Structure formats: C-alpha cells, structure tokens
Amino acid sequence: MIGDFSAAPEDAALRAVRIGVITFPGTLDDRDAARAVTIAGGTAVGLWHAEANLHDVDAVIVPGGFSYGDYLRAGAISRFAPVMEKVVDAAAGGMPVLGICNGFQILTEAHLLPGSMIKNNHLKFSCADQLLRVENNSTAWTSGYEQGAGMVIPLKNQDGQYVADEKTLDELEGEGRVVFRYDGENPNGSRRGIAGITNAAGNVVGLMPHPEHAVEPGFGPDSSAYGQVGLGYGTDGLRIFSSVLNTLVAGGKS
C-alpha cells in the first residue's frame, strides 16, 4: 500500500488533483512515483491491480518494476489485471496516463501505445543516469518543459529496447508522437533512439527511464541537463509530475 508523506503540498488546487498509482505483484517503484506526485504538490492515490476501481482519480501512473516477475513477457500478464480494464476505458475518455519502464511495457501490451519492448541489444541489465531530449512538450506530462529541452534521469531496465515496424515508426515521427529521445549514445538499441512516445490523442505517454527517481534534491542523479549540480541533486524528472498537475488544474480541476 502507498502511505502518506510529510512533504504535503501547500497549493489547494494542486492538492485537489488525485493521481492514481497502480501496484501489481512485483511492482518496485510505486512508492517512488507516489512520492513524486506528493513532492510536485498533488495527492497520490494507491490503486490495487485486482480491484476494478480507479477511485475517482484524475490521472493514472503505471509504475516500474517487474510485474508478475516479467513471466511470459514484460507486462504481458499485467495487461489483464482488472484495474487495467478501467485504465483502458479512462484513457479512451481522455484521462492522462503515464507508464514508466515496466509501466510503458504494460501500456504497449494493453495496446494503449504502439510497438513493443524487447531485451536490450547488449542483453544486459542497464542502470545509469541517462540524458534525454524532450521532443514533444504538448502532452499533459511534458507541458512544463521547453521543446527540445534536455533532462537527466535514471535508466534501469533489461527489456528496454523499443521496437516497431517501419510504418509505425514513420507515423510516430510524422505525427510528432515521439515524446522523448535518447540524447547521445543509444543505451539499449531502441529504434531511432526512442525513449518515450504518446498515443494519437496525446493523453497516454510511456517512457523507459525513471523520472520519479529525479525529483528530490539529494536523492537524484549527480547532474542535470543544465550542468553539474552536486551529489544526488538532479531533479529534472519533477516537471513530469508538476506538468500533469498544472495541466489538470488549468483544465478546470480544482
């Protein structure tokens, strides 16, 4: 279960925004995602995989980990969880949904996002701070970034290579649906250096690196896209969470 955190938001409008964070068997980063929401100023709401209820949340985060031990295929079992039926319906209605790492894998398995994730091209687990470039800042999750801005957030995955057929890749590129791209060396062989994408409507976003691990000074990367900031002080991922809160408030959620 996701607990309360002491870093309570002070803005009542932001605090009124409820962001659901799903927990599956094997999820590792649900509490980190919930804390990121709290630090950004919103209210994190725990969602249980076996419960077909979103509890009146305004957006959903499908966090990282190894749901169901990645049996069969990463995210392949989780897509059938009762809560995901509700997420699919809510996404079709325009609710913002974010999938991080294993969450991204789950969103592709649920056909909320195109393509698929396979093992890294070097066949090893990767864990490093990763430089990304924001290719699309028009989504609810990226509106707080400048177009083309850099960001440094941790990358940790084994099945992180994004693949799709050429037609799908061309559509993603042509429609501006590549949201994040690896800047510099491609760490896992993802096609065209794609690190994150959105659906055609722009409300569902998935990315492999972990913004929730770069939100709190002293506990993030040692650098940011804006220069060296000191040991653990990189917070480039925080704007992912503040973006969706501000977007929802601007849209009339209060």
Side-chain angles (χ1 to χ4, degrees), residues 1-2 17-38 40 42 44-55 57-117 139-142 153-160 162 179-180 195-199 201-213 215 237 240-241 243-245 248:
M1 298 298 292
I2 297 173
V17 179
R18 294 164 53 85
I19 309 295
V21 181
I22 301 176
T23 299
F24 299 93
T27 297
L28 300 179
D29 299 305
D30 46 350
R31 290 182 62 86
D32 301 86
R35 184 163 180 82
V37 170
T38 303
V45 178
L47 302 177
W48 187 240
H49 69 106
E51 186 178 2
N53 191 332
L54 296 184
H55 295 282
V57 299
D58 304 296
V60 170
I61 297 173
V62 189
F66 299 90
S67 60
Y68 292 94
D70 280 349
Y71 294 132
L72 299 183
R73 203 171 48 248
I77 299 177
S78 295
R79 65 159 293 193
F80 295 107
V83 72
M84 286 305 299
E85 298 177 11
K86 298 299 182 181
V87 171
V88 170
D89 291 342
M95 178 181 286
V97 176
L98 177 68
I100 304 171
C101 196
N102 187 236
F104 186 7
Q105 295 162 342
I106 293 170
L107 294 184
T108 63
E109 290 289 340
H111 305 298
L112 287 174
L113 292 173
S116 186
M117 314 301 301
T139 79
W141 300 96
T142 56
I153 59 177
L155 173 73
K156 51 172 188 171
N157 62 68
Q158 178 172 280
D159 299 276
Y162 178 74
V179 180
F180 302 100
I197 61 173
T198 186
N199 64 340
N203 61 303
V204 179
V205 171
L207 76 162
M208 282 310 297
H210 288 260
E212 78 279 16
H213 295 319
V215 299
I240 295 282
F241 306 95
S243 289
V244 74
L245 294 176
L248 288 167

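Starting from 1, each residue takes its place in the sequence as its number. Because the structure is predicted, anything quoted here is derived from the model rather than measured.
Put simply, CD on Gln105 and CG on Leu113 are 12.0 Å apart, with the number rounded to the nearest 0.5 Å. The CG atom of Leu248 sits 9.0 Å away from the CE atom of Met95 when rounded to the nearest 0.5 Å. Distance CD1/Ile77 to CE/Met84: 14.0 Å, rounded to 0.5 Å. A distance of 6.0 Å separates CD1 of Ile100 from CG of Leu207, quoted to the nearest 0.5 Å.
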Using the rule given for side chain to side chain contact (heavy atoms under 4.5 Å, CB included), can you reason through Ile106 versus Leu112, listing the C-alpha separation, both sets of side-chain angles and the distance that settles it, and then say yes or no? CA-CA 9 Å; Ile106 293 170; Leu112 287 174; over 6 Å; no
Would Asp29 and Lys156 satisfy side chain to side chain contact (heavy atoms under 4.5 Å, CB included), going step by step from the backbone distance to the final call? CA-CA 11 Å; Asp29 299 305; Lys156 51 172 188 171; 3.1 Å; yes
Val57/Ile19 under side chain to side chain contact (heavy atoms under 4.5 Å, CB included): CA gap, chis, key distance, verdict: CA-CA 6 Å; Val57 299; Ile19 309 295; over 6 Å; no
CA sep, side-chain torsions, deciding dist, call: Asp32, His213, side chain to side chain contact (heavy atoms under 4.5 Å, CB included): CA-CA 7 Å; Asp32 301 86; His213 295 319; 3.4 Å; yes
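Heavy atoms only, all atoms of each residue included: Pro96 and Asp58 are closest at CD-O, 3.5 Å. Closest approach of Val37 to Ile61, counting heavy atoms only: CG2-CD1, 3.8 Å. The nearest pair of heavy atoms linking Gly65 to Asn102 is O-CB, 3.2 Å. Of all the heavy atoms in Pro114 and Thr108, the pair that sits closest is O-CG2, 4.0 Å. In terms of heavy atoms, Ser78 sits closest to Ser67 at OG-OG, 2.7 Å. The minimum heavy-atom distance linking Gly202 with Thr139 is given by the pair O-CB, 3.7 Å.
Under the 4.5 Å side-chain criterion, counting only non-hydrogen atoms from C-beta, Leu28 is in contact with Phe66. The shortest distance between side-chain heavy atoms of Phe180 and Val205 falls below 4.5 Å. Using a 4.5 Å heavy-atom threshold, the side chains of Ile153 and Pro211 count as touching. Val60 has its side chain within reach of Leu47: a pair of non-hydrogen atoms, C-beta onward, lies under 4.5 Å apart. For the pair Phe24/Val62, a side-chain contact is recorded, criterion being any heavy-atom separation below 4.5 Å from C-beta on. Contact of the His49 side chain with the Pro25 side chain is registered, since non-hydrogen atoms from C-beta on lie closer than 4.5 Å. In this structure, Ile22 and Thr27 have side chains that are not in contact, with every pair of non-hydrogen atoms separated by 4.5 Å or more. Inter-residue side-chain proximity for Trp141 and Val179 is flagged as unmet; no heavy-atom pair is nearer than 4.5 Å.
For the side chain to side chain contact (heavy atoms under 4.5 Å, CB included) test, no residue two or more places apart in sequence or in another chain qualifies with Glu85. Residues satisfying the salt bridge (Lys or Arg N to Asp or Glu O under 4.0 Å) test with Lys86, not counting sequence neighbours, are none.
Ring planes of Tyr162 and Phe104: parallel class, angle under 30° (limits at 30 and 60°).
Identified under the salt bridge (charged side-chain N to carboxylate O under 4.0 Å, His left out) test for residues 99-112, with sequence neighbours left out: Arg73-Glu109.
When atom types are taken as modelled, the side chain of Asp30 and the backbone of Val21 share no donor-acceptor pair closer than 3.5 angstrom. Put simply, the side chain of Arg79 never gets that close to the backbone of His111: no donor and acceptor are under 3.5 Å apart. Although no hydrogens or angles enter the test, the distance criterion places a donor-acceptor pair under 3.5 Å between the side chain of Asn199 and the main chain of Val204.
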